[in-house]
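Per chain, numbering begins at 1; letters A, B, ... match sequence-line order. Scope of the values below: all heavy atoms of this structure, side chains included, with no hydrogens, waters or symmetry mates. Quick caveat, the model's predicted, so the values are computed rather than measured.
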Amino acid sequence: MLYSDKVLEHFSNPRNVGELENPDGVGEVGNAKCGDIMKMYLKVEDGKISDVKFKTFGCGAAIATSSIATEMIKGKPIEDALKLTNSAVVDALDGLPASKIHCSVLAEQAIKAALSDYYTKQGVDPEPIVGKLEDTDHDHSSEE
Amino acid sequence: MKRFVYADNSATTKIDKQVLDVMLPWLQEGYGNPSSIYELGREAGFAIQEARAKVAAALGAAPQEIFFTSCGSESDNWALRGAMARLSKKGKKHIITTVFEHHAILHTVQDLERKGFTATYLPVGENGIVNPMDVKNAIREDTGIVSIMYANNEIGTIQPIAEIGAICKEAGVLFHTDAVQAVGNIPIDVKEQNIDLLSLSGHKIHAPKGVGALYVRKGVLLDTFITGGGQERGKRAGTENVASIVALGKAMELAASGIEEKAARLTPMRERLIDGILKIPATRLNGDREKRLPGNVNISIAGVEGESLLLMLDMHGICASSGSACTSGSLDPSHVLLSIGLSHEIAHGSLRLSLGDYNTEEDVDYILEVLPGIVQRLRAMSPLWERMQKNHETV
């Protein structure tokens, strides 16, 4: 697997690993059967992501994308976090091997799932703001 | 202190110095074409003859029963396609193999199925060993060939080859074995074990990549695999890879003479490695503990993913393998690990360490020193591990 130096750097020194106590939003995507689970914890203050932590079970790319995605949204307004795309994550890592692109999708989806949970806890319907969350399970038949 | 530990000898091996020394002259001054009439060519021809005799001697075969190929996969392809092309003319269109073969066999059998052949894929037990009675019961009127690996490449389990050979002989069906992982590790005698066809590869036994061989018992007919010139008795055309063939001959000679010594040296190292790793909570050994290759360790570590594990080991200078989906290039984890009943989650966290001639006790010490910390680090960031802990799940 030809990973960029940036991927390996984030993999070996992942930022924002762990959990948050009393998080304002938690999102979990992926599943163990496919070999990757990402869980994001958010704190929100004044419409900004004041803190973010993650836990990931998965390959090097899964850990690196989680790490850089948390870095990209920390301290940013919610609107910016919602706009974070998987391709922005890929670019920030100086690229990912083709078979690992789905890891960047997981990172984007994990953030959206956590924000969706945040709005739900606030008593706000998340769907008009966050959008409909995609099914992040792999479709084995179509990807093979 | 950081070391470099190559513990992936089932993937490939370093060329032996003695092997390199005998092959190099054939890349320089001995460059003649073995088919040429003059001395330069004749010398190369004699060198091939000598190598053929060495490979044959290591297997208990006759020199004319050895055909050189480019790799183990080619040998597997030739054995199955070449034999079935002949047998189908006699109405024999059925192949028996197992679910946990190397892909060189599995994908070839699947391709033959698409071309009108039928196949039975035998299951393997939880210990990773085929039951010979299953082979016996699967043989039909139209069965042409049984192909069962000698030793599994991932979990190292050694199959009851002599028993299966006897069953095939009695039933009058051909028996092929992919012995790529077994050669040099287990004593093989093709006559005693009733093996009709056997595949082997050079780079697993300290010869270079790009050379292999197929043993074909005298009287077994195979279609020509590569048409062209008359090389390999007209069965496999293409100017011979002289240097690599010479290397394979030397490597086979060394491997066959050193089998007992190698097993005696590696087995205790393997056992120490297994015991040491199993001290990490929520781990399990994959494959039979006794009937396994002397250098093979395959352990599942719950809550961690194999590729991450390999990357972290690499950062500590340790080369290893995993059966996780991410390392297999597909979305499913290793078919071998699934075949012995592992769940996807546990198969994703598998680690294969394969010790070889150049590994030392210090390498084992180092792996055992480094691995627990890596597992701890990955588990600390694993939501799967968190859940398993909460639910008191075990492996």
To the nearest 0.5 Å, atom NZ of A:Lys100 lies from atom CD of B:Glu307 at 3.5 Å

In the structure I gave you, are the side-chain heavy atoms of B:Met312 and A:Phe11 within less than 4.5 Å of one another anywhere? yes

Within a 6.0 Å radius of atom [atom1] on [X], are there more than 12 heavy atoms belonging to other residues, nucleotides or ligands?
X	atom1	answer
B:Lys14	NZ	no
A:Asp5	CG	no
B:Glu362	CD	yes
B:Gln376	CD	no
B:Lys209	NZ	yes

Applying a strict 4.5 Å limit to non-hydrogen atoms, the region of B:Arg377 in contact with chain A is side chain

Okay, B:Ala380 and chain A: the region with an atom under 4.5 Å from a heavy atom over there is backbone

Test side chain to side chain contact (heavy atoms under 4.5 Å, CB included), reference B:Pro383, set A:Met38, A:Glu19, A:Lys39, output is A:Lys39

Is there a donor-acceptor contact under 3.5 Å from the side chain of [X] to the main chain of [Y]?
X	Y	value
B:Glu345	A:Ala32	no
B:Ser308	A:Gly58	yes
B:His348	A:Lys33	yes

Applying a strict 4.5 Å limit to non-hydrogen atoms, the region of A:Ala61 in contact with chain B is backbone

Bottom line for A:Ile63: the part with an atom under 4.5 Å from chain B's heavy atoms is side chain

Residues at least two apart in sequence or cross-chain that pass ring-ring contact (aromatic ring centres under 6.0 Å, His included) with B:His107, listed by chain then number, are B:His103

